[in-house]
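To start, the structure itself, in structure tokens.
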Protein chains: 2
Amino acid sequence: MDRPRKPTLDTVASAVGVSRATVSNAYNRPDQLSAALRERILAAAQALGYAGPDPVARSLATRHSAAVGFMLGHRLSASFSDQALSVVLDGLASTVDGHDHCLVLMPGHDRGGPRPSTVSRAQADVVVAYSLPDDAPALAAVRARGLPLVVIDQPVLPDTARVEVDDYAGARMAAEHVVARGHRRVAVLTFALRPDGRNGLVSPVRRGSASFRVTRDRVNGYLDVLGDVPVWECADSTRELARTGARELLSPSPTRPTAVVCTSDELAFGAIQAARDLGLRVPEDVSVVGFDDIPAAQHADPPLTTIRQPLAEKGRRAGELALRLLDGGRPGEPSRVALGLVERESTTAVK
Amino acid sequence: MDRPRKPTLDTVASAVGVSRATVSNAYNRPDQLSAALRERILAAAQALGYAGPDPVARSLATRHSAAVGFMLGHRLSASFSDQALSVVLDGLASTVDGHDHCLVLMPGHDRGGPRPSTVSRAQADVVVAYSLPDDAPALAAVRARGLPLVVIDQPVLPDTARVEVDDYAGARMAAEHVVARGHRRVAVLTFALRPDGRNGLVSPVRRGSASFRVTRDRVNGYLDVLGDVPVWECADSTRELARTGARELLSPSPTRPTAVVCTSDELAFGAIQAARDLGLRVPEDVSVVGFDDIPAAQHADPPLTTIRQPLAEKGRRAGELALRLLDGGRPGEPSRVALGLVERESTTAVK
DNA sequence: TTGTATGCGTTATCAC
DNA sequence: GTGATAACGCATACAA
């Protein structure tokens, strides 16, 4: 027993005794027909169980789908536990949601971003990419489809709108902050350089082959200030992986670092926990600097010194760019947002 | 200057000198034509910049869109900061993504769920609803469109697949746990009873008019064990609102509670912070019980006693049900998942 | 204000 | 194996 065929515009039109176009107008251009007729049509539709124009057919006819695609670098679970992403996504959503758009999520199947086949089936008329590897196949898939693309924190791509941040400069700020406070033994804790799930100390070779631009720029920013210091890579930006890594970095030794700079606040939280695991106080024994300034940073114990990034603003900008591309606008200049150091209590001068 | 018209099946067909149908077959039924011809077609498509069949047109012709809709009770920001939701969503995504389906997110415009207009424009052929008010207009909109519906944690609806949990029993477990440890003065901290943004003590009238089934069942479970104890409602399940509320509940008084039971772990974290704000130790001075057992619960300080809910499993079940409805299957019996108490270190016997 | 004709890019059912 | 042809459900110039 299959369901009775759903009513269409035609069903309603012939029921009321008008043409398809008139029924269409009743929904899309109320000013094109008399209020009375419109009422009659809507009532008939109601009675027939017609819920309004079919979105797919409408999309085909109008050639746009009122949906914004969002490509993520990670699986959803990893993504959602990332507060920074959540805030960005919220900024984006607040912009596009006002326009009755849906968000089509294309989660990464592993760490490399969505599959090309997912991208080629997604019904969206613009897509926003965030925290993908520079060479993600999903990016090529979007371009192949000819969909307008907005990237956040990605390298320059031709004909693409971007919102960008000077991660290199931000990282330098963080490093200079600890150097200015007398720290000479510093370590770096970073999230993934490449999407292959590795955890551990980073060799120069690996550093050179980083495929996440954000990671590469931040790490380079640190090292250009700090010199050749140990760098520990975590496969994901999670507290637990950071805790494990930082325990290695901070293990007792004559050259134990007095400061750890981290590519995210989440990693910094893990570093603080690791310090405590080892009986070290923050900031008295170890200073810790984060990156992002997520909401939790100021409520942390101790409140976290970090590089502030206007996350919600990034999302909003991406949303605005997406809306503009949707309107047929040109990508235009990259939208650049500013970074700044927020000094709180997780750092202090070296003893 | 508008873009050159995109190539279609026809473009490729006439370039190769075959019919549209054959090109279509090259993509969808490789066994229907010779490998050599298929190669030629694919190569021509590549050369013409044809990225494969247009998803919208395909959806119109096949009458399904390979997308699963997900209706949220909240704005995206509130949703994304909710770890429990994230885990559910991940379970759902892992199920549907394996079948090359996209996830279409329909955020709530306030706390009442998505607008009907959003629902009627969304291109999905099944929708999953989560943490919506019982009377959310979005639910009616889905039914009006005749789309199959899967609900999580919602009241029974005719002709709808459900995954459900016995929240009432879970809440009883939590309450009985503290009672068994000698607590006689207990308070309840809950998330919203109704989607109106209220924060504060809950009157019996308000309690009776709760429109979130989950909240209603949990609070009733607590109170049926604890009697008529104070209940503080937070408009959202956030740490900060909980902190504020718990500070009220725990403010110095001869009847200050020795235990707080919370409808979510996130609220419990706020309660712990509030206790500390007031100079109270957890669990020595105040025991705290959460609900959900999100990943953060076991790493909390102190590790949180809570009611474990198999969140990822809920998502997966919802995904499986959605896939089944997609195949024309019947809703069938509700899929029920089990709850259990996880005793950690945030609770202890009363002094 | 209302109706007619046509196009949107596919898939699917048959012929050949 | 391959090719016409008819849906799919709607929007939109344009004519009436």
Side-chain angles (χ1 to χ4, degrees), chain A residues 2-42 44-45 48-66 120-123 125 145-147, chain B residues 2-41 44-45 48-67 120-123 125 145-147:
Chain A
D2 38 21
R3 315 167 199 148
R5 194 174 210 70
K6 280 190 207 154
T8 74
L9 268 192
D10 260 329
T11 321
V12 179
S14 55
V16 180
V18 297
S19 84
R20 215 160 49 196
T22 303
V23 180
S24 174
N25 283 334
Y27 283 96
N28 301 315
R29 308 171 166 186
D31 52 319
Q32 295 293 302
L33 49 99
S34 67
L37 178 55
R38 181 172 136 89
E39 274 316 310
R40 250 176 65 216
I41 291 175
L42 262 30
L48 290 166
Y50 178 71
D54 177 279
V56 174
R58 178 203 298 251
S59 290
L60 181 61
T62 60
R63 288 196 292 280
H64 50 79
S65 55
S120 58
R121 302 180 116 78
Q123 323 200 142
D125 22 45
R145 277 190 55 185
L147 288 180
Chain B
D2 38 20
R3 315 168 200 148
R5 195 174 209 70
K6 280 189 209 155
T8 74
L9 269 191
D10 261 329
T11 321
V12 178
S14 55
V16 180
V18 296
S19 82
R20 215 161 47 197
T22 302
V23 180
S24 175
N25 283 335
Y27 284 96
N28 301 314
R29 308 169 168 186
D31 53 319
Q32 294 294 302
L33 66 164
S34 66
L37 179 55
R38 181 172 136 89
E39 274 316 309
R40 250 177 65 216
I41 291 175
L48 291 166
Y50 178 72
D54 178 279
V56 175
R58 177 201 298 249
S59 290
L60 181 61
T62 60
R63 287 195 293 279
H64 50 79
S65 55
S120 58
R121 301 181 118 78
Q123 327 204 345
D125 25 42
R145 277 190 55 184
L147 289 179

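Throughout, protein chains are lettered first and strands after them, A, B, ... in sequence-line order, and every chain is numbered starting at 1. The analysis underlying the following values was restricted to heavy atoms, covering all of them including side chains, and did not include hydrogens, waters or symmetry mates.
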Fill in the blank from the handout: Picking from dT2(D), dT11(C), dT12(D), the nucleotide nearest the side-chain atoms of L9(B) would be dT11(C)
Problem - From dA11(D), dC10(D), dA4(D), nucleotide with atom closest to D54(A) side chain - result: dC10(D)
Practice task
May I ask you to say what L33(A) touches in the nucleic acid, namely base, sugar-phosphate or nothing, with a heavy-atom cut-off under 4.0 Å?
Solution key: sugar-phosphate
Fill in the blank from the handout: Of the listed dG9(C), dT6(C), dT2(D), the closest approach to the T8(B) side chain comes from dG9(C)
Practice task
Could you check whether D10(B) gets within reach of a base, just the sugar-phosphate, or nothing at all, counting any heavy atom under 4.0 Å?
Solution key: nothing
Exercise for the section: Name the nucleic acid region contacted by Y50(A), choosing base, sugar-phosphate or nothing; use a 4.0 angstrom heavy-atom cut-off, strictly under. Expected result: sugar-phosphate
Completion exercise
Assign each of A61(B) and S19(B) the nucleotide of DNA chain D bearing its closest heavy atom; nearer the 5' end lies the nucleotide of S19(B)
Fill in the blank from the handout: Winner on side-chain proximity to A57(B), out of dG9(C), dG3(C), dT11(C), is dG9(C)
Problem - Touch class at under 4.0 angstrom, heavy-atom based, for L60(B) against every strand present - result: base
Practice task
Look at the side chain of N25(A) and decide which nucleotide, out of dA12(C), dT12(D), dG9(C), has an atom nearest to it.
Solution key: dT12(D)
Problem - Out of dT6(C), dT10(C), dG3(C), whichever nucleotide has its closest atom nearest the side chain of P53(B) - result: dT10(C)
Exercise for the section: Classify the side chain of R20(A) and the base of dT6(C) as holding, or not holding, a donor-acceptor pair under 3.5 Å. Expected result: yes
Exercise for the section: Just call it for R38(B): base, sugar-phosphate, or nothing, with non-hydrogen atoms closer than 4.0 Å on any strand. Expected result: nothing
Exercise for the section: Answer yes if the side chains of S59(A) and Q123(A) hold a donor-acceptor pair under 3.5 Å, and no otherwise. Expected result: no
Handout entry: Donor-acceptor contact below 3.5 Å, side chain T62(B) vs main chain R58(B)
Key = yes
Exercise for the section: Give V18(B) one of three labels, base, sugar-phosphate or nothing, depending on what nucleic acid heavy atoms sit under 4.0 Å from its own. Expected result: sugar-phosphate
